[in-house]
Amino acid sequence: MIQLPTREPCDLCVAARDEPWKIIDEGEHTLTVINPWQFEAGQCCVITRRHVATLLDLSAPECAAILVAAKRVAEALVGAYRPLGILTFQNNGVYSGQETPHFHFHVVPRQPGSDWGIGPPQLATFDGAGRPRGTAHDPANDAARMARVRVSAEVLAERVERIRAHLPP
């Protein structure tokens with residue numbers, strides 16, 4: 001059984017309901033929202049409108065809609081930020097790094113010079129992509145890194161508008 005994180009209220013449901021300015025794009029089954037943790041400028045997530053926790057809980061229409069929305073926002077991120085790559089990933093359960101019990105699919109424009117590595121920052125490295133190969137993740141620096149990547153509502157709102165301006169028709 002997949003162990004889920006506990007977070008009440010669900011921060012993604014709150015953002016969708018109480019902070020509509022964070023919504024970049026929306027579809028019948030999905031919302032694309034800006035991530036308040038900007039490890040990379042423009043980092044966002046595609047979330048389900050329906051509150052479900054993991055990939056295993058999704059309906060077939062939700063699965064299809066998530067990838068369509070992810071592709072759409074990836075195209076906008078390429079136009080807005082001219083990244084060297086687009087990272088997409090999704091976590092299921094606390095042992096995979098999931099922190100919020102609401103399905104979310106990360107779409108991240110990658111630039112040189114971040115300390116992210118490839119994939120979730122605590123899990124992987126890749127030559128030339130940030131952290132040197134073989135560098136173990138040291139959780140002692142996580143609080144400082146999280147503080148560094150948390151940006152103001154004003155900056156997030158500017159990024160939302162920048163990404164929206166590049167959404168394909």
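- Shown here are the side-chain hydrogen bond (donor to acceptor under 3.5 Å, both in side chains) partners of Thr100, two or more places apart in sequence or in another chain: Arg7, Asp11.
- Asn35 approaches Trp37 most closely through the heavy-atom pair OD1-N, 2.8 Å.
- Contacts of Gln98 classified as side-chain hydrogen bond (donor to acceptor under 3.5 Å, both in side chains), with partners at least two apart in sequence or in another chain: none.
- The salt bridge (Lys or Arg N to Asp or Glu O under 4.0 Å) search around Glu158 returns none, not counting sequence neighbours.
- Although no hydrogens or angles enter the test, the distance criterion places a donor-acceptor pair under 3.5 Å between the side chain of Gln38 and the main chain of Gly42.
- Alongside Tyr95, the hydrophobic cluster contains Val94 (criterion: ILVMFWY side chains under 4.5 Å).
- Applying the ring-ring contact (aromatic ring centres under 6.0 Å, His included) test to pairs two or more places apart or on separate chains, none has a residue in residues 150-169.
- Evaluation of the ring-ring contact (aromatic ring centres under 6.0 Å, His included) rule for His51 yields His102 as partners, not counting sequence neighbours.
- Under the side-chain contact (heavy atoms from CB on, under 4.5 Å) criterion, Ser152 pairs with Glu154, Val155, sequence neighbours left out.
- Judged as a side-chain hydrogen bond (donor to acceptor under 3.5 Å, both in side chains), and not counting sequence neighbours, the contacts of Glu19 are Lys22.
- Hydrophobic cluster membership of Ile47, counting Ile, Leu, Val, Met, Phe, Trp and Tyr whose side-chain heavy atoms lie under 4.5 Å apart directly or via other members: Leu12, Ile23, Leu31, Val33.
- In this structure Glu75 satisfies the side-chain contact (heavy atoms from CB on, under 4.5 Å) test together with Lys71, Pro168, sequence neighbours excluded.
- Residues satisfying the ring-ring contact (aromatic ring centres under 6.0 Å, His included) test with His104, not counting sequence neighbours, are His106.
- Remark: Arg50 pairs with Glu62 by the side-chain hydrogen bond (donor to acceptor under 3.5 Å, both in side chains) rule, at least two apart or across chains.
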